[in-house]
Number of protein chains: 2
Amino acid sequence: MDDILFTEEFKTNPDKYVLPSVAINNVIFGFDDNKVKVLLLRTAYAELWTLPGGFVLKEDELITAAERLLKLFTGLDSVYLKHFGVFGAVNRAEKERELFLNDQRQDNQLNYNFFLQRFVVLGYLALVQYKQVSPLSDDVRQCEWFDLESVPELTFDHNLIIETAFRELRFQLNYLPIGFNLLPEEFPLKSLQKIYETILGKKLDRGNFNRKILSYGILEKKEKYFSGAANKAPFMYSFNKEQYFNALENGLGAF
Amino acid sequence: MDDILFTEEFKTNPDKYVLPSVAINNVIFGFDDNKVKVLLLRTAYAELWTLPGGFVLKEDELITAAERLLKLFTGLDSVYLKHFGVFGAVNRAEKERELFLNDQRQDNQLNYNFFLQRFVVLGYLALVQYKQVSPLSDDVRQCEWFDLESVPELTFDHNLIIETAFRELRFQLNYLPIGFNLLPEEFPLKSLQKIYETILGKKLDRGNFNRKILSYGILEKKEKYFSGAANKAPFMYSFNKEQYFNALENGLGAF
DNA sequence: TTAATATTGAGTCGCAATGACTCAATAAAT
DNA sequence: ATTTATTGAGTCATTGCGACTCAATATTAA
């Protein structure tokens, strides 16, 4: 249970339950409306938004901890989740030190002392299907999707963490299950193309893109249609899971 | 100073000086005699070898801690050094738990309790010029180069850490300053080719390799010669640092 | 002096992939 | 009927790559 974090017992005795000075932050990417999205969390203590995150319970494997947090904030399990970097700058809590000074409410102090410690943050990158996520929303915490291009100023060094995660995403574009994890079960080819275009930051030629992506033999054409627009309905496709992961091993070649 | 680690004061009070439950291990790669080498450390407490490593002093940046350790074990600073993974499995100290039980010397016990804690290890990968390294050797600790293919069983999960580092090395071959950091200032083209062949695990055609590597315009031909063998002396080359790092940004294309 | 050895330069050849195109047929909504 | 975007099926020139060959050169050892 993550919610040990919100008990009095944890606040007075955190090192009994979690690995000291180690924290986890998840950069959760989604894709919708032709834009890369990232899931952020409204903090209780300030106007700043923050990355969903938490700590490693003593009995948890690292990846288990990351999965537990992902589940907490999105409701999902078994999605793509991968460590991509560490963040432990000495001064990464400077901003918070000031913010907390301005909030003298007694019952927050214990928490503040805990959060102002120096942590080594393990960054985990998640790729999820936008529509499947139920962003956490309870009395204290609310999650919301943001366009990657309009992420506001965040707590700690979280802006840096997101930048790093996205650079990793771009770098590994041909080695990560990008489409597979970001798109729903069935999708038109253009959606996949848009993902590549967005991440690469450049336009791709439809014919060439289709020629190439289909040549891998990882897609299956469906008979179903998508409707609603004033044009011919595009064919839907789905990934052949087995062949897809097979092909990823060797990389999909560069776009 | 790293050697705080060897004082009584540190042994009784480690959390005062270093970040608790965080450790660093360096996988230090060199290249000599057409083989990839890795620097290992003889442990005081057992026959097993181990990866050079240590802890993060409270005032250290993470990379500073990794650099400090690299310096301690190799005598070098300012080489290529990069985080490549975390290792924090719950059971990663199982092997040591048994080993330590067999050594009941009183003055080792404090140390043992410290090392048997659960740590999250930050893996750093270093590329160094083999000949420039002065492997640490003092009363307690001795470093030695091992061929990557004949690394013995190591402490903890260090074999896994090395495997992961090498996979990263191969994966990033065209994006890392491989040759630049592994080779001496001047070298014959064949040496560079051998590095690529060794890391990729396959033979490359000389003509094609030279054609490609020279096409990047990152190498400068020197007039000097290398002698000693019963054949025409090869030309020596050196990297044009500026153009090299420029080209790396975009990757060197795949071999 | 000669033989053995590995480096070097300068190519060829065919194949596959890529990027930039074009043209026309099709289906769906207004 | 008109507008719109999807779709299929191409072309074409360029580039890069892998697998080659052939001959000249420098060096050491016999």
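Convention: sequence-line order gives letters A, B, ...; per-chain numbering from 1. The shown structure was predicted, so the numbers you read here are calculated from the model rather than taken from an experiment.
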Please check the phosphate of D:dG8 (OP1 and OP2 only) for any side-chain N or O of A:K221 closer than 4.0 Å. yes
Would you please confirm or rule out a distance under 4.0 Å between OP1 or OP2 of D:dG16 and any side-chain N or O of B:K212? no
Partner residues of B:T164 under the side-chain contact (heavy atoms from CB on, under 4.5 Å) criterion, sequence neighbours left out: B:F84, B:F87, B:L160
Starting at the 5' end of nucleotides 1-6 of chain D, put B wherever the base has a protein heavy atom under 4.0 Å, S where only the sugar-phosphate does, and a dash everywhere else. ---BSB
Both conditions, 6.0 Å and 45 degrees, for the charged tip of A:K221 above the ring of A:F235: are they met here? yes
Please name all residues satisfying side-chain hydrogen bond (donor to acceptor under 3.5 Å, both in side chains) with A:E144, sequence neighbours left out, ordered by chain then number. none
Parallel under 30°, tilted from 30 to 60°, perpendicular over 60°: which one fits the rings of A:F239 and A:Y244? tilted
Measure from [atom1] on [X] to [atom2] on [N] and round the result to the nearest Å.
{"X": "B:N208", "N": "D:dT21", "atom1": "CG", "atom2": "P", "answer": "13 Å"}
{"X": "B:D205", "N": "D:dG16", "atom1": "CG", "atom2": "C1'", "answer": "14 Å"}
{"X": "B:L214", "N": "C:dT7", "atom1": "CG", "atom2": "P", "answer": "15 Å"}
{"X": "A:N210", "N": "D:dG10", "atom1": "CG", "atom2": "P", "answer": "15 Å"}
{"X": "B:L189", "N": "C:dT8", "atom1": "CG", "atom2": "P", "answer": "7 Å"}
{"X": "B:L204", "N": "D:dC20", "atom1": "CG", "atom2": "P", "answer": "14 Å"}
{"X": "A:M236", "N": "D:dT7", "atom1": "CE", "atom2": "P", "answer": "10 Å"}
{"X": "B:K203", "N": "D:dA19", "atom1": "NZ", "atom2": "P", "answer": "14 Å"}

Comparing A:G207 and B:G207 on DNA chain D - which has the more 5′ nearest nucleotide: A:G207
A:D60 side-chain N/O to A:V56 backbone N/O, donor-acceptor pair under 3.5 Å: no
Nearest 0.5 Å, please: how far is CD1 in B:I213 from CG in B:L219? 6.0 Å
Close side-chain approach of A:V27 and A:F166, heavy atoms under 4.5 Å: no
Is there a donor and acceptor pair, one atom on the side chain of A:R211 and one on the base of D:dG8, closer than 3.5 Å? no
